[in-house]
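Here is how names work: the chains are called A, B, and so on, in the same order as the sequence lines, proteins then strands, and each is numbered from 1.
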Amino acid sequence: MTEYRRPRGTQDILPNDENSWYHVENVFRKHCHKAGFGRIRTPTIESTNLFANAVGADTDIVDKEMYSFTDRGGDGLTLRPEGTAPVLRAFHENGMASLPQPTRLYYIERVFRYDRPQAGRYREHQQLGAELLGEEDSGADIEIISIIWNFLTELGIPDLTLNLNSIGDPKDKHRYQQALMDYYSPYLNNLCVNCKRRLNANPLRLLDCKTTECSPYKDEAPKPIDYLSQQALSHFEQLQAGLHALSIPFVINHTLVRGLDYYTRTVFEIWPARTGSQSTIAGGGRYDLLSDFITGDNVPGVGFGCGIERVLLNMPKLTPQRRPDVYVASLSEATQLIAVRLVSELRSIGANTVSGYKAASPRSHLRKANSQNARFAVIIGDKEAESGTVTLRDLDSGEQSTVAISKIGGKILSLSTGK
RNA sequence: GUGGCCGUAGCUCAGUCGGUUAGAGCGCUUGGUUGUGGCCCAAGAGGUCGGGGGUUCGAACCCCCUCGGCCACCCCA
């Protein structure tokens with residue numbers, strides 16, 4: 001046990017597992033590039049005010065989950081607790097609003113929230129996401145949903161459920177919130193402590209409440225869909241038609257309300273079959289208000305965030321397949337420099353080459369080569385040095401041959417790529 | 001932030017009515033062949049029993065605190 005331990009809720013990802021991370025990220029990049037999205041990388045830290053204004057003052061994220069601090073110059077900074085607000089900030093700050101629209105951006109970033117850790121829930125986790133800005137047509141929503149859906153499907157995650165809802169435009173949302181308040185007010189004294197407070201502050205959240213006090217009222221509660229404007233309703237219907245056309249299955253979930261204030265119209269979450277409290281793999285929606293919160297400009301947008309740890313949790317395990325092509329063994333001090341040059345040469349022509357570093361017995365070297373799972377071993381001893389050759393050993397078959405040192409690179413390349 | 005379960009070697013875990021130097025398997029190092037891996041055999045390294053305090057003649061084991069993991073709540077990815 002070492003003296004220093006990783007901070008609570010963080011993780012070390014070791015090479016064997018990193019293999020899966022690499023795969024997930026690559027598949028995601030491929031899906032984004034195919035749809036014309038470009039990657040954006042934003043700072044880990046942002047002004048605290050950005051999140052306070054964008055995410056919403058009465059959200060849990062802003063209330064109690066942000067890693068905020070004052071730097072030496074007195075600026076209030078926060079470790080990014082979500083991915084969308086920084087992207088919007090960068091979009092405006094770099095003049096991307098003046099580019100031809102829409103703008104298609106994706107990201108793979110670390111996200112920080114001060115939360116009680118559990119399986120699938122970390123204080124520092126990694127999120128991938130995409131944002132489609134400057135397009136309010138439901139076609140944009142369809143594309144965003146299809147990207148995350150196809151991505152998760154390609155990874156082989158079974159039994160995904162797409163939960164879909166619409167909370168309408170700001171004025172619809174407002175009317176709906178009013179209806180919720182009217183509906184719940186008579187029961188105020190029966191509600192849980194949290195919901196008593198929320199009723200006026202953020203009534204949408206009442207639908208999320210799972211306490212026994214509040215649950216009985218949920219079934220009869222007003223549904224957001226009944227308060228949609230004609231435009232919002234037809235937007236929602238077009239979205240559903242598009243998903244049908246793409247054969248992406250979904251369920252309408254009237255109680256789906258996301259915890260960030262900036263959502264309008266479309267909201268969605270993707271759940272795996274596995275039950276448990278950390279079930280959501282990905283979530284997102286439309287946020288036509290967010291740009292207004294940040295700059296006062298009116299730029300519609302739709303996007304999602306997806307937790308990589310939760311993807312991995314639900315994905316079939318990947319067996320690590322990276323094996324070195326060749327292990328280079330020098331048997332004596334006299335052949336050491338030949339080995340050093342050969343390692344360098346093999347790498348320069350593209351062979352994954354592990355060096356034995358120092359002179360040792362064949363037995364010792366081959367044990368090491370075996371433990372590294374190398375495909376071939378190249379052995380250089382005094383015998384080989386005298387004749388300008390090396391000994392090439394196939395570690396899978398045990399076959400061994402003598403090869404001129406000038407030919408060994410080409411030989412290994414053809415053998416290891418020809419399999 | 002609330003409640004519950006758990007914490008012995010790098011990994012998976014034995015070991016409690018409290019009793020001398022804390023164990024196994026796997027893994028690791030070295031040797032079994034002074035030019036040959038995997039299998040096998042042998043030897044070895046590695047633990048302040050998560051940390052701190054207390055009770056006791058004596059604590060891995062009992063009590064308190066603390067840290068960490070997991071589960072439920074909450075929240076979300």
With sequence neighbours left out, the residues meeting salt bridge (charged side-chain N to carboxylate O under 4.0 Å, His left out) with A/D115 are A/R121
Exercise for the section: Using the C1' atom as the reference point in each nucleotide, state the distance between B/C64 and B/U55 in Å, no decimals. Expected result: 11 Å
For B/G69, take OP1 and OP2 only and decide whether either is under 4.0 Å from a side-chain N or O of A/Q118. no
A/W149 vs A/P249 side-chain heavy atoms within contact, under 4.5 Å: yes
(Q) For the C1' atoms, the ones on B/C28 and on B/A45, what distance do you get once it is rounded to whole angstrom? (A) 8 Å
Rounded distance in Å between the P positions of B/G7 and B/C11: 15 Å
With rounding to the closest Å, how many angstrom separate the P atoms on B/A9 and B/C61? 15 Å
What one should report as the nearest heavy-atom pair of A/T78 and A/M66 is CG2-SD, 3.7 Å
Atom CG of A/D115 and atom P of B/C71 are separated, to the nearest Å, by 13 Å
Quick note, side-chain hydrogen bond (donor to acceptor under 3.5 Å, both in side chains) partners involving residues 355-371 of chain A, not counting sequence neighbours, are A/Y327-A/H365
With sequence neighbours left out, the residues meeting side-chain hydrogen bond (donor to acceptor under 3.5 Å, both in side chains) with A/Q177 are none
For B/G27 and B/C74, measure between their C1' atoms and round to the nearest Å. 41 Å
Reckon A/Y122 touches a base, only the sugar-phosphate, or nothing at all at heavy-atom distances under 4.0 Å? base
Got a list of protein N/O to nucleotides 2-5 of chain B N/O distances below 3.5 Å?
unit_1	atom_1	unit_2	atom_2	d
B/U2	O4	A/R116	NH1	2.9
B/G3	O6	A/R116	NH2	3.1

The answer to which of A/R6 and A/K64 contacts RNA chain B further toward the 5' end, by nearest nucleotide, is A/R6
*asked:* Categorize A/G284 for me: base, sugar-phosphate, or nothing, with a 4.0 angstrom heavy-atom threshold over every strand shown.
replied: nothing
Contacts of A/R393 meeting side-chain hydrogen bond (donor to acceptor under 3.5 Å, both in side chains) (sequence neighbours excluded), chain-then-number -> A/Q400
In short, A/E384 meets A/T391 closest at the heavy-atom pair OE2-OG1, 2.5 Å
Residues in residues 140-158 of chain A with a heavy atom under 4.0 Å of RNA chain B, by number, are none
Would you classify A/A369 as touching base, sugar-phosphate or nothing, given that sugar-phosphate means primed atoms plus P, OP1 and OP2, and contacts are heavy atoms under 4.0 Å? nothing
Salt bridge (charged side-chain N to carboxylate O under 4.0 Å, His left out) filter on A/E309, not counting sequence neighbours, yields none
Exactly one candidate in A/V390, A/I379, A/T389 meets side-chain contact (heavy atoms from CB on, under 4.5 Å) with A/T402; the answer is A/T389
Taking every heavy atom of A/P81 against every heavy atom of A/I61, the minimum-distance pair comes out as CB-CG2, 3.7 Å
What does the list of N/O pairs under 3.5 Å between the protein and nucleotides 36-38 of chain B look like, with a distance for each?
unit_1	atom_1	unit_2	atom_2	d
B/U36	O2	A/R393	NH1	3.3
B/U36	O2	A/Q400	OE1	3.4
B/U36	N3	A/Q400	OE1	3.0
B/U36	N3	A/Q400	NE2	2.9
B/U36	O4	A/Q400	NE2	2.5
B/G37	OP1	A/R363	NH1	3.4
B/G37	N7	A/R393	NE	3.4
B/G37	N7	A/R393	NH2	2.7
B/G37	O6	A/R393	NH2	3.3
B/G37	N1	A/L395	O	2.4
B/G37	N2	A/N370	OD1	2.9
B/G37	N2	A/L395	O	2.6
B/G37	N3	A/N370	OD1	3.3
B/G38	O4'	A/N370	ND2	2.9
B/G38	N2	A/L395	O	3.3

Walking RNA chain B from its 5' end, the first of A/Q126 and A/P7 to be reached, judged by nearest nucleotide, is A/P7
CG of A/L312 to OG of A/S20, rounded to nearest 0.5 Å, is 5.5 Å
Under the rule of Watson-Crick or G-U wobble with both distances under 3.5 Å, where | means paired to another strand and [ ] a crossing pair, RNA chain B maps to (((((((..((((.....[...)))).(((((.......))))).....(((((..]....))))))))))))....
Residues passing the salt bridge (charged side-chain N to carboxylate O under 4.0 Å, His left out) test with A/E109, sequence neighbours excluded, are A/R80
*Hey, is A/R323 close enough to A/D396 for a salt bridge, meaning N to O under 4.0 Å?*
yes
field: Ion pair check, A/E124 and A/R113, cut-off under 4.0 Å
entry: no
* Asked: Using atom C1' of each nucleotide, how far apart are B/G53 and B/G46 to the nearest Å?
  -> 28 Å
Could you go over nucleotides 42-46 of chain B and give all protein N or O partners under 3.5 Å, atom names and distances?
none

Note: contacts of residues 328-344 of chain A with RNA chain B (heavy atom, under 4.0 Å) are A/L331
